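Input: a single structure, listed below in structure tokens.
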Amino acid sequence: MPELPEVETVRDGLDRLVAGAVVRDAEVFRDYSVRRHDGGPAGFADQLRGRRLVGAVRRGKYLWLPLADPRQGASAALLAHLGMSGQLLVRDPAVAGEWAHPHLRVRLHVDEAPSGAHYVDFVDQRTFGHLAVTDLEPTADGASGGYGSPLPALPAPVAHIARDLLDPALDRDAVVATVRRRRTGIKRALLDQTVVSGIGNIYADEALWRARVHFARATDTMTRPVVHRVLDAATEVMTEALGQGGTSFDALYVNVNGESGYFSRSLAVYGRAGEPCPRCATPVRRDEFMNRSSFTCPRCQPRPRQGRW
DNA sequence: CACACGTCCTGGTAGC
DNA sequence: TGCTACCAGGACGTGT
């Protein structure tokens with residue numbers, strides 16, 4: 001499942017493989033995949049035709065390709081969110097053949113890609129992901145919009161998303177203050193993309209395990225150093241994941257499948273109910289929380305007496 | 001069939 | 001009381 005490291009891997013791949021390409025046409029095979037685009041599927045294709053993709057930018061789990069178009073003054077971008085299962089595949093049919101993925105939802109036909117690729121395919125089994133063309137608007141603080149961006153601008157749907165832990169413009173002390181002001185549990189705060197972005201269920205559990213904090217710990221009882229420790233652990237685990245995921249795709253295939261090597265080998269607790277904690281060998285415990293799973297070591301991360309689930 | 005999960009949306013509550 | 005900000009949880013969607 002794509003969280004920040006996976007999305008960053010895709011951003012990096014798109015930046016190298018398709019930045020500079022011109023969109024000749026766009027085909028929408030599943031209307032739901034462009035549900036957040038204002039003009040519907042036809043309008044989506046209309047707004048992309050003839051426009052140049054000038055780079056790839058990311059904030060949290062959102063990814064966008066700013067569009068250059070001398071015909072229009074307003075700046076815009078092709079916005080993507082991968083949801084739970086989205087992939088962006090950069091393909092060259094001359095090499096890969098015309099085989100289409102069974103869950104192909106949207107296909108961009110592009111010319112002049114630096115990689116020589118001709119398709120950018122949006123593949124999404126569970127259809128929680130989406131694509132849209134949106135306007136770019138100035139950022140509130142005038143700083144660059146996200147990771148990889150030279151522009152102080154954001155797609156409108158990203159305006160409420162906080163900066164992420166890899167963003168050089170992130171104010172970590174401010175995030176700590178926001179977390180401690182909240183009256184909720186630490187995992188809810190970590191998953192709230194308006195507090196700090198990019199963290200999903202998997203990396204939240206891994207970060208909390210590393211920091212030895214239980215997911216239900218009340219944020220307003222946490223000291224500044226402990227909140228910092230949790231954020232540092234999240235940064236660490238996502239940076240390590242990025243280091244592994246970023247090396248694993250070949251030139252014409254940008255893969256964002258959450259099942260990549262990192263997941264099976266390096267996770268300490270996520271998905272490992274009953275297996276020994278790597279630190280103390282106590283069996284990992286699974287709890288239901290927020291209609292999803294949470295994995296903890298009951299010894300390293302004891303449940304607080306007055307926690308907030 | 002329940003389950004996997006991120007985001008949007010709604011209805012509710014806490015605090016001023 | 002009324003307002004605002006915040007918070008919890010259901011709905012969405014597909015395939016195993």
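To find a chain, count down the sequence lines: A is the first, B the second, and so on, and within it residues start at 1. Nothing here was measured: the structure is a model prediction, and the numbers come from that model. All heavy atoms count here, side chains included; hydrogens, waters and symmetry mates do not.
- Following rounding to the nearest Å, L63(A) (CG) and dG6(B) (C1') show an atom-to-atom distance of 16 Å.
- The closest side-chain donor-acceptor pair between R217(A) and T221(A) falls under 3.5 angstrom.
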Are D173(A) and H228(A) close enough, and set up right, to give a side chain to side chain contact (heavy atoms under 4.5 Å, CB included), and what steps lead you there? CA-CA 8 Å; D173(A) 290 339; H228(A) 269 291; 3.2 Å; yes

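- As rounded to whole Å, 11 Å separates atom P of dT14(C) from atom CD of Q125(A).
- For S293(A) and dA4(B), the shortest distance from a side-chain N or O to OP1 or OP2 is below 4.0 Å.
- Checked for salt-bridge contact, D46(A) and R51(A) miss the test: no charged N lies under 4.0 Å from a carboxylate O.
- Between the CG atom of L190(A) and the P atom of dT7(B) there is a distance of 14 Å, rounded to whole Å.
- The side chain of H160(A) lies closest to dC8(B) when the candidates are dA4(B), dC8(B), dG6(B).
- If you check every strand for non-hydrogen atoms under 4.0 Å, Y62(A) touches sugar and phosphate atoms only.
- Not one side-chain nitrogen or oxygen of Q193(A) sits closer than 4.0 Å to the OP1 or OP2 atom of dG6(B).
- For R126(A) and I161(A), each mapped to the nucleotide of DNA chain B holding its nearest heavy atom, the one lying further toward the 5' end belongs to R126(A).
- For H81(A) and dT7(B), the shortest distance from a side-chain N or O to OP1 or OP2 is below 4.0 Å.
- In this model, a donor atom of one side chain and an acceptor atom of the other lie less than 3.5 Å apart for H109(A) and E27(A).
- Summarising the geometry, the separation between CD1 on I199(A) and P on dT7(B) is reported as 11 Å, rounded to the nearest angstrom.
- Distances from the side chain of R36(A) to the nucleotides dT7(B), dG6(B), dG13(C) place dT7(B) closest.
- With no hydrogens or angles considered, no side-chain donor-acceptor pair links R285(A) and T296(A) at under 3.5 Å.
- Side-chain contact of D124(A) with H130(A): a donor-acceptor pair under 3.5 Å is absent, judged by distance alone.
- Between R188(A) and dG9(C) there is a side-chain polar atom (N or O) within less than 4.0 angstrom of OP1 or OP2.
- Atom-to-atom, CZ of F128(A) to C1' of dG15(C) comes out at 12 Å; the value is rounded to the nearest Å.
- The side chain of H130(A) places no N or O atom within less than 4.0 Å of a non-bridging phosphate oxygen (OP1 or OP2) of dT7(B).
- In this model, the phosphate group of dT14(C) is approached by a side-chain N or O of R30(A) to a distance below 4.0 Å at OP1 or OP2.
- Looking only at atom types and distance, the side chain of S294(A) has no donor-acceptor partner in the side chain of D287(A) under 3.5 Å away.
- The distance from atom CE of M290(A) to atom P of dT7(B) is 11 Å, rounded to the nearest whole Å.
- Between the CZ atom of R59(A) and the C1' atom of dT7(B) there is a distance of 17 Å, rounded to whole Å.
- Listed pair Y32(A) / dC12(C) fails the phosphate criterion, with no side-chain N or O lying under 4.0 Å from OP1 or OP2.
- Within 6.0 Å of the CZ atom in R224(A), the count of heavy atoms belonging to other residues, nucleotides or ligands does not exceed 12.
- For R181(A) and R292(A), each mapped to the nucleotide of DNA chain C holding its nearest heavy atom, the one lying further toward the 5' end belongs to R181(A).
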Going 5' to 3' through nucleotides 10-16 of chain B, assign each nucleotide B (protein heavy atom under 4.0 Å from a base atom), S (under 4.0 Å only from sugar-phosphate atoms) or - (no protein heavy atom that close). -----S-

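- Between the CG atom of L82(A) and the C1' atom of dT7(B) there is a distance of 13 Å, given to the nearest Å.
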